[in-house]
Amino acid sequence: MAETVAGAIADELAKAGIDRAFGLPGGEVLPLIDALRRRGIEFVLCRHEADAGLMAAVYGKLVGRPGVVIATLGPGASNLLLPVANSLLDREPLLAISAQVPNSWKTSRTHQRLPILDVYRPVTKAAREVTPENCRTIVREMLMESISEPSGPTYLTLTAEVSRASDGDHEVGNGSGMRENGRLTLAPPDVAASTLRARFAAAVSPVVVVGIGARWADSPMIRRWISDWKLPVTATPKAKGMVDEADPLFAGVVSGMAIDRIMVEGLGKSDLILGLGLDPSEIDGDWHERYPMLWALDSPWATNVVPADNLVATNLGQMLERLAADPAPRSWTDPMSEARKERQRLASESPDGDGAYLSPLGTVRALAAALPRTTIVTTDVGSHKYLFGQFWPSASPGTFFMSNGLSGMGYGLPAAMAAKFARSDQVVLAVLGDGGFSMNSQELETARRYGLAIVVVVIADESYSMIRIGQQRQGFDRYGVDFSPIDSVLMAEACGVKGCRVANESELSECAREAATRPGTTVIEVPMRADDYAPIV
Ligand SMILES: Cc1ncc(C[n+]2csc(CCOP(=O)(O)OP(=O)(O)O)c2C)c(N)n1
């Protein structure tokens, strides 16, 4: 029997190694979901398309293939904007497929009709319509486009009519016309290494900032080079773990996390900042426009822009291999020494909470003491993100996930679920504010349904604390930033998972340790005062 378009799409996805697609159905995507099922691709049913998209993108990043999300037309497609935008700015590989009203409908039939491709074109690497004639080629092309660096989102619309039509794509091959590294021309690694060596030889106080574009596989080579040359090193939150944060050369996390002012002051003392895979979408500020940057990239920035000057474009891993083979051209002074000391002081000397509330740094300390160093941590967006982004001691690449480029609330829980799908043998910790938790806590039921065991920490400060602190700093009266509590324990239980509440660091450690060994998800509510974040965020 001839294959339908839906069947051809499922076939192409399966051939590309896609084993799961995340989503929420509508009548128009039922043929596709059924085709996936028949092709052995699991459809992970979520409670909101945004969560499904966020899960898909993090899953894709972790498994090294594009994550796939499926939504219906109109409202489902609209709900995908946040994860698509997130995937663009955080360079997570995502293929979004939504339904669309059939082309055969008269234009007067406007119910649920939206110009979806026009909406998505500016925030994706490519957005196209599936037809019977292109259904195989276009899927291959979109998958390749999503995963090629800088990885990011692609979008396909598929009408129910087309999905039931016969596969009319008889092209063979691997797709065509793919953009490889955008407009960046890569120099041979030898040439790039000698440029870098010369720049470091001329510098007095250099510092390395490892960014999102540095590949996980290059982490050992980066560590070797840093250690051999004794270079002060920092990382962005998306590159946490590329360098072991317990290494004495590691100075801190830069670009918008806790104690950012101190970090930026440190960078300001440098006469050469090497941005290794650094992308400006990671930087919540403008220091990269003022400070002496040298960009080392192997792909364009997320927005497909490349720096106009001070650029070394090459295969970073091969360049580092050549650099590490040579001794350091000289010794340097460390511009980050004060920042590093201050960070260490704060991390080790934080006061305990006062009995009813935990302190921000005490919370990090208790969780880090309880959980293995290999734990994958995800955060939501808010003060807690700044806290964990700076102070969680990441030890290896791919173990820390936050929404940074977009900074969209609602990321933490779906990201943790995706991490557990991809790395079932690793402990996964989601750290959420009570504001972000209330955006999609219903996904706890999804976690239970799929047997995902996650440690979910909800920091209960009854406030959008990051905004509250900003409001206070700007001299406004407190207004529109506080809310009444939602009982996280009851919420957990309502979704069929375990919930508990802790009152101090040792209870938190104990609870987290137990949660990490349980077969199911556990929600731990941590009471904190919103204002206690103020000194560090
Ligand atoms: C989708 C979305 N809406 C609004 C914001 C603006 N925003 C940034 S942080 C924040 C507060 C988050 O509150 P909560 O989740 O309780 O975390 P906390 O700041 O208390 O740690 C808000 C509203 C955002 N980043 N994303």
Side-chain angles (χ1 to χ4, degrees), residues 48-54 57 78-90 123 237-238 255-260 281-282 284-285 353 357-364 367 377-392 401-416 429-444 456-474 476 478-488 491 508 523-537:
H48 194 291
E49 291 86 352
D51 302 331
L54 292 167
S78 306
N79 270 347
L80 283 179
L81 184 56
L82 183 123
V84 164
N86 194 77
S87 139
L88 178 76
L89 294 178
D90 273 353
V123 288
K238 296 300 286 188
S255 73
M257 296 297 104
I259 61 167
D260 195 46
S281 75
E282 303 186 81
D284 184 8
Y357 299 95
L358 277 86
S359 70
L361 280 152
T363 300
V364 180
L367 288 167
V377 179
T378 71
T379 73
D380 210 75
V381 172
S383 302
H384 63 283
K385 169 179 121 166
Y386 289 8
L387 171 73
F388 277 77
Q390 183 61 269
F391 292 107
W392 178 263
F401 288 84
M402 67 164 61
S403 169
N404 190 38
L406 184 69
S407 287
M409 288 169 70
Y411 176 90
L413 184 56
L429 166 68
V431 183
L432 317 173
D434 44 2
F437 181 58
S438 65
M439 278 189 170
N440 54 14
S441 42
Q442 75 281 4
E443 296 295 355
L444 290 172
V456 180
V457 167
V458 179
I459 299 185
D461 56 15
E462 295 168 29
S463 166
Y464 294 119
S465 80
M466 204 184 95
I467 309 303
R468 169 168 145 158
I469 291 166
Q471 188 177 57
Q472 199 172 8
R473 287 202 183 127
Q474 291 177 52
F476 294 115
R478 190 185 312 157
Y479 182 70
V481 290
D482 296 326
F483 43 73
S484 307
I486 296 176
D487 189 319
S488 308
M491 181 62 92
L508 175 55
V523 175
I524 308 173
E525 187 176 277
V526 173
M528 198 179 287
R529 276 183 299 237
D531 293 340
D532 287 354
Y533 281 118
I536 53 164
V537 303

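Hydrogens, waters and symmetry mates play no part in the numbers below; they use all other heavy atoms, side chains included. Counting convention: from 1, in listed order, for ligands and their atoms alike.
Summary of contacts: the protein heavy atom closest to atom 13 (O) of ligand 1 is Y464 CD2, 3.3 Å. For atom 19 (O) of ligand 1, the closest non-hydrogen atom of the protein is S383 N, 2.9 Å. Looking only at heavy atoms of the protein, atom 25 (N) of ligand 1 is closest to S407 O, 2.8 Å.
For T379 (side chain) and M402 (main-chain N/O), no donor-acceptor pair under 3.5 Å exists by modelled atom type. Without hydrogens or angle criteria, N86 side chain to L406 main chain gives no donor-acceptor distance under 3.5 Å. A distance-only check finds a donor-acceptor pair linking the side chain of D434 to the backbone of E462 [under 3.5 Å].
The minimum heavy-atom distance between Y464 and G435, with the atom names listed, is CE2-CA, 3.7 Å. The minimum heavy-atom distance between P535 and D531, with the atom names listed, is CD-O, 3.9 Å.
When I467, V381, D434 are checked for heavy-atom proximity to atom 12 (C) of ligand 1, V381 turns out nearest. If you check each of M466, R468, M439, M409 against atom 23 (C) of ligand 1, the one with the closest non-hydrogen atom is M409.
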Legend entry - R478 vs Q472, side chain to side chain contact (heavy atoms under 4.5 Å, CB included): CA-CA, chis, key distance, verdict: CA-CA 7 Å; R478 190 185 312 157; Q472 199 172 8; 5.7 Å; no
Legend entry - L361 vs F391, side chain to side chain contact (heavy atoms under 4.5 Å, CB included): CA-CA, chis, key distance, verdict: CA-CA 8 Å; L361 280 152; F391 292 107; 3.5 Å; yes
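Contact annotation for L432 and ligand 1: no heavy atom of the residue comes within less than 4.0 Å of the ligand. By the criterion of a heavy-atom distance under 4.0 Å, both the backbone and the side chain of S465 are placed next to ligand 1.
Ligand 1 does not have I459 within reach: every non-hydrogen atom of the residue lies 4.0 Å or more from it. Contact analysis puts S463 in contact with ligand 1, with a non-hydrogen atom separation below 4.0 angstrom. The shortest separation from a heavy atom of D380 to ligand 1 is not under 4.0 Å, leaving the residue out of contact.
Heavy-atom contacts of H384 reach the following atoms of ligand 1: 17 (O), 18 (P), 21 (O) (cutoff under 4.0 Å). The contact set between ligand 1 and G435, taken as ligand atoms under 4.0 Å from a residue heavy atom, comprises 14 (P), 15 (O), 16 (O). Ligand-side atoms of ligand 1 in range of G436: 14 (P), 15 (O), range being under 4.0 angstrom from any heavy atom. Taking every non-hydrogen atom of D461 and a distance limit under 4.0 Å, the qualifying atoms of ligand 1 come out as 20 (O).
Geometrically, ligand 1 and G382 share no nitrogen or oxygen pair separated by less than 3.5 Å.
With contacts defined as side-chain heavy-atom distances shorter than 4.5 Å, the pair V123/L81 qualifies.
By the 6.0 Å contact criterion, CZ on F483 is enclosed, its count of non-hydrogen atoms from other residues, nucleotides or ligands being greater than 12.
Residues that satisfy the side chain to side chain donor-acceptor pair (under 3.5 Å) test with D380, not counting sequence neighbours, are absent from this structure.
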